Amino acid sequence: MTKNLTPKEIALYTALLVSAIVGVITLLFKTNWIEFLASIVLVFGASYFVFLYALEFFIYRKIKLVYKNIHSLKTQKADGNLNPILTNDPIANVSKEVMDWADDKKTEIDQLKKLEKFRKEFLGNVSHELKTPIFNIQGYILTLLDGALDDKEVHVHFLKKAAKSIDRIATLVEDLEAITQLESGELTMEMETFDILDLVQDVFDSLESRANEKKVSFDIKEGTKYPFIVEADKDRVQQILINLLTNSIKYGKVGGKTVIGFYDMDENILIEVTDNGLGIEQEHLSRLFERFYRVDKSRSREEGGTGLGLSIVKHLIEAHKQTINVRSSMGVGTTFGFTLKKA
């Protein structure tokens with residue numbers, strides 16, 4: 001690849017070329033050697049300084065200004081106090097800046113395309129989730145209006161089904177509102193110090209009747225049944241635990257078991273929720289926390305889920321500036337692990 005020339009090098013080569021041309025013309029007129037050498041020197045010197053001046057003040061100065069403006073525009077995002085670093089080769093600088101700018105724009109366009117795709121998927125999912133219960137309610141009401149209203153046993157049954165569909169819509173709206181608040185930063189964390197073991201026991205008690213329906217048992221991992229004091233938003237952590245344990249009931253096997261373990265990780269406490277259910281295939285794990293993503297769509301809807309629970313869990317944990325992960329083996333079970341700051 002040819003090296004980019006500096007203004008002095010360009011002026012030098014141009015002056016040599018002009019001097020050579022003048023020298024040839026001078027020889028054609030058969031002048032003596034003194035006149036020939038004098039004309040060469042004068043032409044070389046004059047042309048060198050003229051071309052150098054033209055390049056420096058009329059071309060390179062303007063290119064440097066363009067480079068400076070490009071650089072300033074790019075660095076304003078990061079730090080308005082940054083000054084552009086100019087080298088002796090402004091053309092190379094401009095070329096690099098333009099290429100970097102083009103790469104940034106390509107990345108930005110790719111990101112916008114992904115967001116547009118995500119927006120369409122999101123709207124499609126919301127529409128689909130709302131459509132089913134709305135159509136159900138519509139069907140129940142029309143059936144009642146067509147004569148079933150006179151049959152007390154039938155209309156009570158249909159009204160109960162309509163109420164269940166309304167509850168599903170209300171839950172979906174609440175979950176969407178919660179995600180919107182979390183993503184916009186409107187939801188504030190009320191931090192306090194508490195024993196996570198006590199909170200887990202309270203959640204076990206609140207879900208006991210639901211767990212009994214599927215004969216699922218809850219337990220604390222052996223060797224971790226002692227206080228673990230954390231600093232977090234207690235209500236939000238309770239919401240996280242309820243969501244994870246409810247999922248273990250919904251999608252676990254009948255007669256299964258869910259165990260919660262605690263681990264001291266220096267500055268944080270790791271909480272793991274493990275079930276011995278059917279497990280989740282590896283291809284689904286990376287997308288498990290996406291909004292409306294379902295491993296088994298038909299089963300999820302039968303269980304009454306909105307497909308937003310794990311997304312809310314992830315947002316709540318990230319609002320605590322902590323992390324969550326999942327691992328699973330088919331036929332063995334699934335483990336969700338998240339951290340909280342140790343008090």
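As the structure is a computational prediction, the values presented were derived from the model and not from experiment.
- Membership of an apolar cluster is not assigned to Ile109, as no side-chain contact below 4.5 Å to another ILVMFWY residue is traced.
- A donor-acceptor contact shorter than 3.5 Å links the side chain of His315 to the backbone of Ser311.
- Under a hydrophobic clustering in which Ile, Leu, Val, Met, Phe, Trp and Tyr are joined whenever their side-chain heavy atoms come within less than 4.5 Å, directly or via other members, Val259 and Leu207 fall into different clusters.
- Among residues two or more places apart in sequence or in another chain, the ring pair (Phe, Tyr, Trp, His ring centres under 6.0 Å) test is passed with Phe158 by Tyr140.
- Checked for salt-bridge contact, Lys314 and Glu290 miss the test: no charged N lies under 4.0 Å from a carboxylate O.
- Listed by chain and residue number, Tyr226, Phe262 satisfy the ring pair (Phe, Tyr, Trp, His ring centres under 6.0 Å) test with Phe228 (two or more places apart in sequence, or in another chain).
- Looking at Asp233, its side chain never comes within 3.5 Å of a backbone N or O of Met191 through a donor-acceptor pair.
- Chaining together hydrophobic side chains whose heavy atoms lie under 4.5 Å apart leaves Leu42 on its own.
- The backbone N or O of Thr334 sits less than 3.5 Å from a side-chain atom of Asp275, completing a donor-acceptor pair.
- A donor-acceptor pair under 3.5 Å is formed between the side chain of Lys214 and the backbone N or O of Lys250.
- Using a 4.0 Å cut-off between a side-chain N of Lys or Arg and a carboxylate O of Asp or Glu, Asp264 and Lys342 qualify as a salt bridge.
- A single hydrophobic cluster is not seen to contain both Leu270 and Val200; linkage of ILVMFWY side chains at heavy-atom distances under 4.5 Å, directly or through other members, places them apart.
- Ring geometry for Phe336 against Phe289 counts as perpendicular: the plane angle is over 60°, on a 0 to 90° scale with 30° as the lower cut.
- Put simply, the side chain of Lys221 never gets that close to the backbone of Ile260: no donor and acceptor are under 3.5 Å apart.
- The main-chain N or O of Ser328 is found under 3.5 Å from a side-chain atom of Gln282 such that the two form a donor-acceptor pair.
- Both Ile317 and Leu245 belong to a single network of hydrophobic side chains, linked directly or stepwise wherever heavy atoms of I, L, V, M, F, W or Y lie under 4.5 Å apart.
- Each of Val254 and Met330 belongs to its own hydrophobic cluster when Ile, Leu, Val, Met, Phe, Trp and Tyr are linked at side-chain heavy-atom distances under 4.5 angstrom.
- Using a 4.0 Å cut-off between a side-chain N of Lys or Arg and a carboxylate O of Asp or Glu, Asp195 and Lys234 do not qualify as a salt bridge.
- No path of Ile, Leu, Val, Met, Phe, Trp and Tyr side chains, each step under 4.5 Å between heavy atoms, connects Leu197 with Ile229, placing them in separate hydrophobic clusters.
- Residues that satisfy the side chain to side chain donor-acceptor pair (under 3.5 Å) test with Thr339, not counting sequence neighbours, are Gln322.
- Among pairs with a residue in residues 237-248, those fulfilling side-chain hydrogen bond (donor to acceptor under 3.5 Å, both in side chains) read Arg236-Gln239, Ser248-Thr258, at least two apart in sequence or across chains.
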